[in-house]
> 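Could you have a look at this structure, given as structure tokens, before my questions?
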Amino acid sequence: MPIRYNLSRRDIILVLLGAVAVHLLPSSLHHGRQQLVVETVCEQPPPNPIEKTVYRTKTATKIATVFQPTTTTVGVQAAPTAGKAPLDFVASFPETHILSHFPGWTLFRDVYVSNGTFYIVSDQAVSEFPQIPLMISTPLEAINSPENIEARMPTKDTLQFITPAEAVRRWGGNVRRGEKNRVLTVDGNTVLVNEPGQFLGHYYHLCAELLIGVQAMLIGAVTPPSTDGSRDFDLMPKHDLAFPAPPFVDRFIFARTNPNGWRDRPDFNVYFMRAAFPGTTIEEENGWEDRMIMTATGDRAWHFPRLLLTDRSASHRGEICGSRTQRIAAEAVEGMRKQGKLLGVRVGGWWAPVRESILRFAGVPPMDETAMMVHNKALAKPSKIVITYLSRQSTPRRHLTREAHLSLVDALETLVKRKGPNWQLNIVEAERLTKDEQIKLAARTTVLLGVHGNGLTHLISMRPNALSTVIEMFYPGGFTHDYQWPTHALGMRHFAVWNDTWRTEGVGEGKPRVDYPEGFQGDYIPVHGPTVADLIEDRVEGRIAGI
Ligand SMILES: *[C@@H]1O[C@H](CO)[C@@H](O)[C@H](O)[C@H]1NC(C)=O
Ligand SMILES: *[C@@H]1O[C@H](CO)[C@@H](O)[C@H](O)[C@H]1NC(C)=O
């Protein structure tokens with residue numbers, strides 16, 4: 001495949017997932033029908049090498065599958081404890097309801113799984129439910145080929161609709177003879193992650209994508225809608241001001257990865273999962289396969305009273321992820337936001353329960369809400385401006401040239417010296433700090449600065465203030481939404497810098513086109529230090545317009 005050689009495999013997949021995204025085009029099709037549109041795009045680099053960086057060298061096959069979009073909020077609010085009674089002798093099983101759904105994120109009540117197939121048990125028409133490919137996929141690794149895209153489409157072995165009568169016929173005991181039903185209830189709240197380890201083993205993808213989406217879904221499910229903006233500045237859902245627990249999850253099931261599949265090398269994923277969900281059981285593919293073996297005869301089923309199903313490929317079939325952001329969490333967050341169910345959307349309040357659990361574990365004192373607000377519609381400015389530059393100079397890939405790094409350090413030091421004692425500069429190589437130190441530093445950082453890379457994931461631990469800022473340095477011409485999207489989702493400001501130019505939402509033409517030009521991953525990324533220092537000063541002094 002004539003793909004630029006200096007892209008990592010992950011980047012190729014991400015950019016192509018965007019390119020091959022399945023688009024939701026309403027009104028073009030009858031309910032429940034799908035249509036495959038295959039279109040091949042070939043872009044050749046131009047002969048003039050000067051223009052090279054603005055072109056993409058790739059051959060992409062664009063497949064657009066058109067689904068009728070379904071905005072569904074069926075049934076009642078999620079209650080934390082449900083389904084305690086075993087289904088031993090019931091004459092009919094509880095029907096499946098969907099509490100909330102966005103592409104790739106589906107919160108079920110009373111869903112069933114038997115021999116690896118999900119069952120929606122209902123007498124309602126199939127058209128009352130979201131379309132299956134927007135809920136679930138065959139859990140294969142994503143690669144860019146029409147065959148793979150087709151292979152990831154769900155089949156009748158992935159998810160089926162059956163009537164309650166059929167469910168009883170398959171899994172019911174003969175009640176008159178005193179036989180129990182052959183359905184076992186898996187009590188409590190389950191999050192089932194239906195994707196292989198391809199992305200999960202990255203701090204960014206697990207914590208800044210999956211967990212953000214999970215949190216938006218779970219908090220949104222128990223939040224009455226409010227669309228008048230009155231709760232946009234809630235720093236924290238109000239049940240426990242110091243360190244509230246995130247929504248209760250009894251178990252995560254990483255159904256398609258082994259125990260290493262969701263762990264990243266520095267172990268931030270473990271840190272986040274265990275600190276945010278300390279009592280939650282984590283089951284992996286062996287456990288899931290056990291459950292499938294137990295029901296392999298097809299006459300038994302598992303019953304999940306409450307299950308959040310997440311599916312990466314299904315998110316990419318949605319318009320927000322597939323066409324606009326390439327971020328799976330964007331479907332959940334944007335969807336819940338539109339319904340007015342994310343408290344504190346302007347200040348990351350809905351994320352705060354997870355963030356504060358992490359900060360508590362790291363040893364950060366509880367947040368002082370009074371000090372963080374000027375009034376109930378605006379965040380306060382921080383008493384100290386803390387700039388944290390995450391240097392990647394010791395990593396082999398994707399870092400600044402030596403001159404650029406030195407020019408940046410020099411410009412930042414000059415700025416901070418000129419500004420006086422209320423300004424602080426930290427220049428850190430994250431890998432030299434402990435995890436606790438990294439999280440503590442992120443929590444008190446005002447301006448997080450770095451070359452595009454995993455270290456910027458720490459933005460999810462930043463406590464918001466009026467000046468919270470993430471500055472991401474790219475190779476000129478490069479851009480992705482990896483950090484731009486979560487920065488905005490959590491109520492902070494993102495700037496993309498290319499050497500001596502920058503852009504942010506609300507200024508100029510807004511965000512640029514996603515691109516990975518040659519040099520994106522290189523060790524020769526330029527940056528003009530004074531441009532970055534001026535940008536920080538202008539931002540802090542309120543001289544930048546926009547959102
Ligand atoms: C259980 O699933 C396997 C694998 O998909 C399949 O081969 C088998 O026929 C299924 N068993 C029943 C009873 O449907
Ligand atoms: C970066 O910007 C500086 C300042 O405008 C300029 O002198 C330099 O040539 C630029 N470097 C690159 C690689 O574009």
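Start at 1 and go down the list; that is how both ligands and their atoms are numbered.
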> Run the numbers on Tyr524 and Tyr475 for ring pair (Phe, Tyr, Trp, His ring centres under 6.0 Å), then give the verdict.
CA-CA 8 Å; Tyr524 48 93; Tyr475 187 82; 5.7 Å; yes
> Report yes if some N/O of Asn115 lies less than 3.5 Å from some N/O of ligand 1; otherwise report no.
yes
> Would you say Ala296 and ligand 1 have an N/O pair spaced under 3.5 Å apart?
yes
> Between His101 and Phe129, is the ring pair (Phe, Tyr, Trp, His ring centres under 6.0 Å) condition met? List the steps.
CA-CA 9 Å; His101 164 77; Phe129 289 88; over 10 Å; no
> Could you tell me which residues satisfy salt bridge (Lys or Arg N to Asp or Glu O under 4.0 Å) with Arg169, sequence neighbours excluded, listed by chain and number?
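Residues passing salt bridge (Lys or Arg N to Asp or Glu O under 4.0 Å) with Arg169: Glu166.
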> Establish, yes or no, whether the cationic atom of Arg327 lies under 6.0 Å from the six-membered ring centre of Trp485 and within 45° of the ring axis.
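That pair does not qualify as a cation-pi contact.
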> Under a 4.0 angstrom heavy-atom cut-off, which atoms of ligand 1 come close to Thr297?
13 (C)
> Write down, by chain and number, every protein residue that brings a non-hydrogen atom to less than 4.0 Å from an atom of ligand 2.
Asn499, Asp500, Pro526, His528
> Could you grab the distance from atom CD1 of Ile387 to atom CG of Leu448, nearest 0.5 Å is fine?
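The distance works out to 11.5 Å.
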> Looking only at the aromatic ring of each residue, does the gap between the centers of Tyr203 and His205 stay below 6.0 angstrom?
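Judged by ring-centre distance (under 6.0 Å), His205 and Tyr203 do not meet the cut-off.
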> Considering only NZ, NE, NH1 and NH2 on the basic side and carboxylate oxygens on the acidic side, decide whether Arg177 and Glu179 come within less than 4.0 Å.
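Looking at Arg177 and Glu179, the cut-off is met.
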